[in-house]
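Notes to accompany the following structure.
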Amino acid sequence: MNGVYQPSEDTFLLIDTVKDMPYVRKAVEVGSGSGLVSVALTQKSEYLVSTDIDLNSCYATLEWLHKYNKRANTDVVCCDLLSPFREGSGFDLIVFNPPYLPDECLRDVSIFGGEHGVDISLKFLQQACRMLSCSGKILLVISSVSDLKRLWDVASKLELDHKTLKSVSLFFEEISVVEFRKKHINKKVSGRN
Ligand SMILES: C[S@@+](CC[C@H](N)C(=O)[O-])C[C@H]1O[C@@H](n2cnc3c(N)ncnc32)[C@H](O)[C@@H]1O
């Protein structure tokens, strides 16, 4: 492990997006790092679980939640993605700013997302869509430097619709926050109109 990820442009873009989301019952942040996004999520959810594979990041998240008096309705779990949660957990909002730079060796779990950059994100998406409530939403940070075609292919196989909510151009990449939702929900909603 290489230490706690320092809040950066991607962190702040995700916080801005979370601020625009409606209030939900159950939320989970995967890869909470410093805990800043989790603090923002406590304003938007009745109950929040934060997870990170890095123990120091879990302690950092706990510290921020304590500091903001948010421990009464939050839990922090050190684990790989969403592995402790059962299928059908019914999360209304699942959020992840993943490691997304392409690298085969995964030298630093906070920034390298595997050979194609999206490898961790693909595994995440597969788990997340099984734990999403019917009308739930997934927010995922993506970068133009990773192989996004793989991500859209997997999302389509999982029958997830996606739309970009916010983007920012940096000097070598564009980062965006993408919202994923189960397709059949959109059909039902549009059927009613
Ligand atoms: C880009 S950082 C984002 C941190 C924080 N959410 C933020 O926005 O500043 C990615 C985080 O994901 C965590 N991470 C990487 N692989 C993970 C996995 N398989 N399961 C859970 N967390 C993971 C890293 O330890 C790191 O804290």
Side-chain angles (χ1 to χ4, degrees), residues 1-21 27-45 48-65 67-68 70 74-85 89 91 93-131 137-146 148 151 154 165-168 170 172-179:
M1 303 295 162
N2 298 68
V4 178
Y5 184 78
Q6 290 306 302
S8 308
E9 282 83 355
D10 47 5
T11 314
F12 300 118
L13 188 70
L14 184 55
I15 289 175
D16 274 354
T17 312
V18 164
K19 283 182 180 161
D20 292 343
M21 299 307 284
V28 55
E29 186 193 8
V30 175
S32 57
S34 66
L36 271 196
V37 178
S38 283
V39 169
L41 277 166
T42 61
Q43 310 292 326
K44 292 290 178 174
S45 54
L48 171 75
V49 193
S50 307
T51 81
D52 204 291
I53 202 164
D54 174 50
L55 188 58
N56 288 328
S57 298
C58 291
Y59 285 128
T61 298
L62 270 176
E63 228 171 88
W64 273 100
L65 293 171
K67 197 170 163 182
Y68 281 82
K70 297 293 182 188
T74 55
D75 285 305
V76 180
V77 184
C78 188
C79 63
D80 182 12
L81 299 174
L82 293 158
S83 52
F85 305 106
S89 289
F91 287 108
L93 184 61
I94 304 181
V95 173
F96 191 20
N97 176 12
Y100 50 65
L101 294 183
D103 183 279
E104 279 179 51
C105 319
L106 286 174
R107 284 170 309 195
D108 181 340
V109 292
S110 69
I111 56 172
F112 292 111
E115 186 185 351
H116 308 285
V118 287
D119 305 59
I120 309 270
S121 298
L122 298 183
K123 201 175 154 195
F124 160 77
L125 217 50
Q126 272 153 351
Q127 291 184 6
C129 81
R130 295 199 302 265
M131 287 158 197
K137 294 174 183 175
I138 298 168
L139 297 184
L140 180 68
V141 177
I142 61 164
S143 162
S144 55
V145 299
S146 54
L148 293 175
L151 191 71
V154 167
L165 298 184
K166 280 191 197 296
S167 295
V168 64
L170 305 174
F172 71 100
E173 64 177 339
E174 181 176 64
I175 51 172
S176 305
V177 180
V178 176
E179 177 189 286

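In listed order, ligands and their atoms are each counted from 1. All values derive from a computational prediction rather than experimental measurement.
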Ligand 1 versus Leu81, non-hydrogen atoms closer than 4.0 Å: side chain, backbone, both, neither? both
Is it the case that atom CD in Gln126 sees more than 12 heavy atoms from other parts of the structure closer than 6.0 Å? yes
Please determine whether the number of non-hydrogen atoms from other residues, nucleotides or ligands lying under 6.0 Å from atom CD of Glu174 exceeds 12. yes
I need the single residue from Ser45, Ser50, Ser38 that forms a side chain to side chain donor-acceptor pair (under 3.5 Å) with Glu29. Which is it? Ser38
Yes or no: does Gly35 have any heavy atom under 4.0 Å from an atom of ligand 1? no
Which word best sums up how the rings of Phe124 and Phe96 line up, parallel for under 30°, tilted for 30 to 60°, or perpendicular for over 60°? tilted
Against heavy atoms of Ser32, which atoms of ligand 1 measure under 4.0 Å? 5 (C), 6 (N)
Does ligand 1 have an atom under 4.0 Å from some heavy atom of Ser34? no
Sidechain-backbone polar pair: Asp54 side chain, Ser57 backbone, donor-acceptor under 3.5 Å: yes
Check ligand 1 against Cys79 and write out every atom of the ligand that is under 4.0 Å from a heavy-atom position of the residue. 20 (N), 21 (C)
For Asp54, the atoms of ligand 1 under 4.0 Å from one of its heavy atoms are 25 (O)
So is Glu29 polar-close to ligand 1, meaning N/O to N/O under 3.5 Å? yes
Indicate the atoms forming the closest heavy-atom contact of Val37 with Val18, along with that distance. CG1-CG2, 4.5 Å
NZ/Lys70: more than 12 non-hydrogen atoms of other groups inside 6.0 Å: yes
Side chain, backbone, both or neither: which part of Lys123 has a heavy atom under 4.0 Å from ligand 1? neither
Got a sec: does the CZ of Phe12 have more than 12 other heavy atoms crowding it under 6.0 Å? yes
Atom indices of ligand 1, in the order listed, that fall short of 4.0 Å to a heavy atom of Val37: 8 (O)
For ligand 1, which is the ligand I care about here, please tell me if Asp52 has any N or O atom under 3.5 Å from one of the ligand's N or O atoms. yes
Could you check which of Asn97, Asp80, Val30 puts a non-hydrogen atom nearest to atom 19 (N) of ligand 1? Asp80
Kindly confirm or rule out an N or O of Ile53 lying under 3.5 angstrom from an N or O of ligand 1. yes
With sequence neighbours left out, write down each residue that passes ring-ring contact (aromatic ring centres under 6.0 Å, His included) with Tyr100, or none if nothing qualifies. none
N or O contact, Pro99 vs ligand 1, cut-off under 3.5 Å: no
